Amino acid sequence: MTLLSSKHSFIAVLFLCLLFIHISTPSTVFATDRHVINFRSPNLYPEGIAWDPKARHFLVGSLHHRTISSVSDSGVVKTLVSDTSLPENVTVLGLAVDSIHNRVLAVLHAMKPLPPFNALAAYDLQSGHRLFLSLLPSDTAAIANDVTVDLKGNAYVTNAAGNFIWKVNGKGSASILSNSPKFTEHPVDPTLSYSFCGLNGIAYVSDGYLLVGQSNTGKMYKVDAEDGTATRVVLNKDLMCADGVAVRKDGVVLVVSPELGKMWFLKSNDSWGEGVVFDEIDLDLDGFPTTIAVREKDRAYVLYGRVREGVLGNSERESFGIEEVRSEKESEGENVVWLYVMIGFGLVYFLYWRFQMGQLVKNMDKKIN
């Protein structure tokens, strides 16, 4: 009886010690290490990123090359698309993977002083063969910037200079979806370095609308994907210099700001009539984080393409990064759940131990009597 009791007592004490350590230790110690991908490609300076769920790798564009490259989890880079038929020095900006139709959509833009060029190209995800090249119409200033795609294969492209949204159908026919006056009703501070940049990051929500960030005002808009009707999402704070926008499967929206080095986590209870920023995290400002990609299990990754450095004329860099990001507040919630699970297991074990000890005492009493 003494040996058995000592063994169970030791296990119970050990469990309680581990439980105490868990309670008294910061939750970040128990969090799984974030996945960091360092990759090398001379003079790439990627601005856009997307996740290909079938091939299970990332796709990135390039500031200086007419290429789309794949990046594996271990940082291996391979060229998927090298489209030398495009105008020289065209930049590959926003990317979106249309896995249903087995293609990647790429926003193309020629920066000044090059002749104006704004287009959307579609390429086969396996062969890299170009499926279409759609020139984007505009009577005003245009900077084709980011792209998202719906379940039917329609693509939506933001015009950062003209503050409107193009729609490109599955065959490559382009038109202006929304040129809502809502996009220009808020004043812009002309002293901002990004004052020229209006509508920027865009994401399609499966309920049939788009969420679009506006860099120079910090506003977010909900846009009907059919008729282009736009309404401003009421938020508890402005998202200044908002760039990439992504939506997780659980409905949480992620927005990144390269100028501020921030990522915001947003949620809404009324389909984005209103929303709230419930967490924000600091990012590597020197890496100039521009875009987010969401992969399986809602794991989010930010791209450190160092685009500012590339725009300023540096062509010597060959190392870039993709890094997993998480909300600290969400992680704290997960640790609270884990704590309750541990307490539950401890209680069950304690009751079982008491029951075993009771049975043992009864058996010993019978033998003695």
Side-chain angles (χ1 to χ4, degrees), residues 31-86 89-108 121-131 146-149 243-244 246 248 254 256 258 263 283-284 286-311 314-326:
T32 305
D33 291 339
R34 289 179 300 169
H35 184 198
V36 177
I37 303 170
N38 296 307
F39 63 98
R40 305 177 71 86
S41 184
N43 200 24
L44 191 68
Y45 294 103
E47 195 273 347
I49 185 173
W51 171 252
D52 183 350
K54 293 182 179 178
R56 296 188 57 78
H57 58 212
F58 294 98
L59 298 176
V60 297
S62 175
L63 185 67
H64 297 313
H65 305 319
R66 293 164 287 182
T67 61
I68 299 174
S69 304
S70 66
V71 181
S72 73
D73 279 347
S74 59
V76 176
V77 180
K78 295 181 180 179
T79 300
L80 172 66
V81 174
S82 180
D83 195 343
T84 56
S85 68
L86 296 173
N89 295 322
V90 160
T91 294
V92 180
L93 293 174
L95 297 176
V97 168
D98 180 4
S99 56
I100 296 175
H101 301 93
N102 196 44
R103 59 187 183 173
V104 57
L105 301 163
V107 175
L108 307 173
Y123 299 94
D124 184 88
L125 275 172
Q126 272 70 52
S127 67
H129 174 71
R130 192 170 76 192
L131 304 175
D146 199 10
V147 60
T148 188
V149 63
D243 198 337
R248 298 190 325 205
L254 313 175
V256 66
M263 177 176 284
L283 302 176
D284 176 12
D286 290 337
F288 205 72
T290 52
T291 327
I292 321 138
V294 178
R295 59 187 291 180
E296 78 280 355
K297 298 181 180 179
D298 276 342
R299 295 171 66 188
Y301 287 73
V302 67
L303 172 66
Y304 289 118
R306 300 184 180 269
V307 173
R308 188 208 298 276
E309 186 180 305
V311 170
N314 189 336
S315 60
E316 302 303 320
R317 175 176 291 279
E318 61 178 53
S319 59
F320 306 94
I322 300 170
E323 186 171 321
E324 187 175 8
V325 287
R326 299 184 188 135

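Just so you know, these numbers come straight off a predicted model, no measurement behind them.
- By the 4.5 Å heavy-atom criterion applied to side chains, Val36 and Asn38 are counted as neighbours.
- Considering every non-hydrogen atom in both Arg130 and Ser85, the closest pair reads NH1-OG, 3.2 Å.
- Nearest heavy-atom pair across Gly48 and Leu303 is O-CD2, 3.7 Å.
- Residue Val104 is tested with Asp98, Leu131, Leu125 for a side chain to side chain contact (heavy atoms under 4.5 Å, CB included); the sole match is Leu125.
- Rounding to the nearest 0.5 Å gives a distance of 14.0 Å between OG of Ser319 and OH of Tyr304.
- For His101, the ring pair (Phe, Tyr, Trp, His ring centres under 6.0 Å) test picks out no residue, with sequence neighbours left out.
- Among all heavy-atom pairs drawn from Leu254 and Ala300, the shortest one is CD1-CB, 3.4 Å.
- Taking each heavy atom of Ala106 and Ile68 in turn, the nearest pair found is CB-CD1, 3.8 Å.
- To the nearest 0.5 angstrom, Tyr123 atom OH is 10.5 Å from Leu95 atom CG.
- Applying the side-chain hydrogen bond (donor to acceptor under 3.5 Å, both in side chains) criterion to Glu309, with sequence neighbours excluded, gives Tyr45, Asn314, Arg317.
- For Tyr301, the ring pair (Phe, Tyr, Trp, His ring centres under 6.0 Å) partners are His35, Phe58, not counting sequence neighbours.
- In this structure, Pro258 and Pro289 approach most closely via the heavy-atom pair CB-O, 3.0 Å.
- Considering every non-hydrogen atom in both Gly244 and Ile292, the closest pair reads O-CD1, 3.4 Å.
- For the salt bridge (Lys or Arg N to Asp or Glu O under 4.0 Å) test, residues two or more places apart in sequence or in another chain that qualify with Glu324 are Arg299, Arg326.
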Enumerate donor-acceptor pairs with a distance under 3.5 Å from any side-chain N or O in residues 73-81 to protein atoms, sequence neighbours excluded.
{"unit_1": "Asp73", "atom_1": "OD1", "unit_2": "Arg295", "atom_2": "NH1", "d": "2.9"}
{"unit_1": "Asp73", "atom_1": "OD2", "unit_2": "Arg295", "atom_2": "NH2", "d": "3.1"}
{"unit_1": "Ser74", "atom_1": "OG", "unit_2": "Ser72", "atom_2": "OG", "d": "3.1"}

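- For His65 (side chain) and Ser82 (main-chain N/O), no donor-acceptor pair under 3.5 Å exists by modelled atom type.
- A donor-acceptor pair is defined here as one N or O able to donate and one able to accept, closer than 3.5 Å; such a pair exists between the side chain of Thr291 and the backbone of Glu47.
- The structure places CG of Leu108 at 9.0 Å from OG1 of Thr91, a figure rounded to the nearest 0.5 Å.
- Among pairs with a residue in residues 50-70, those fulfilling salt bridge (Lys or Arg N to Asp or Glu O under 4.0 Å) read Arg56-Glu296, at least two apart in sequence or across chains.
- Rounding to the nearest 0.5 Å gives a distance of 13.0 Å between CZ of Arg308 and CG of Leu63.
- Here OG1 of Thr290 is found 8.5 Å from CD1 of Ile49. Values are rounded to the nearest 0.5 Å.
- Put simply, the side chain of Arg306 does not reach to within 4.5 Å of the side chain of Leu44, judged on heavy atoms.
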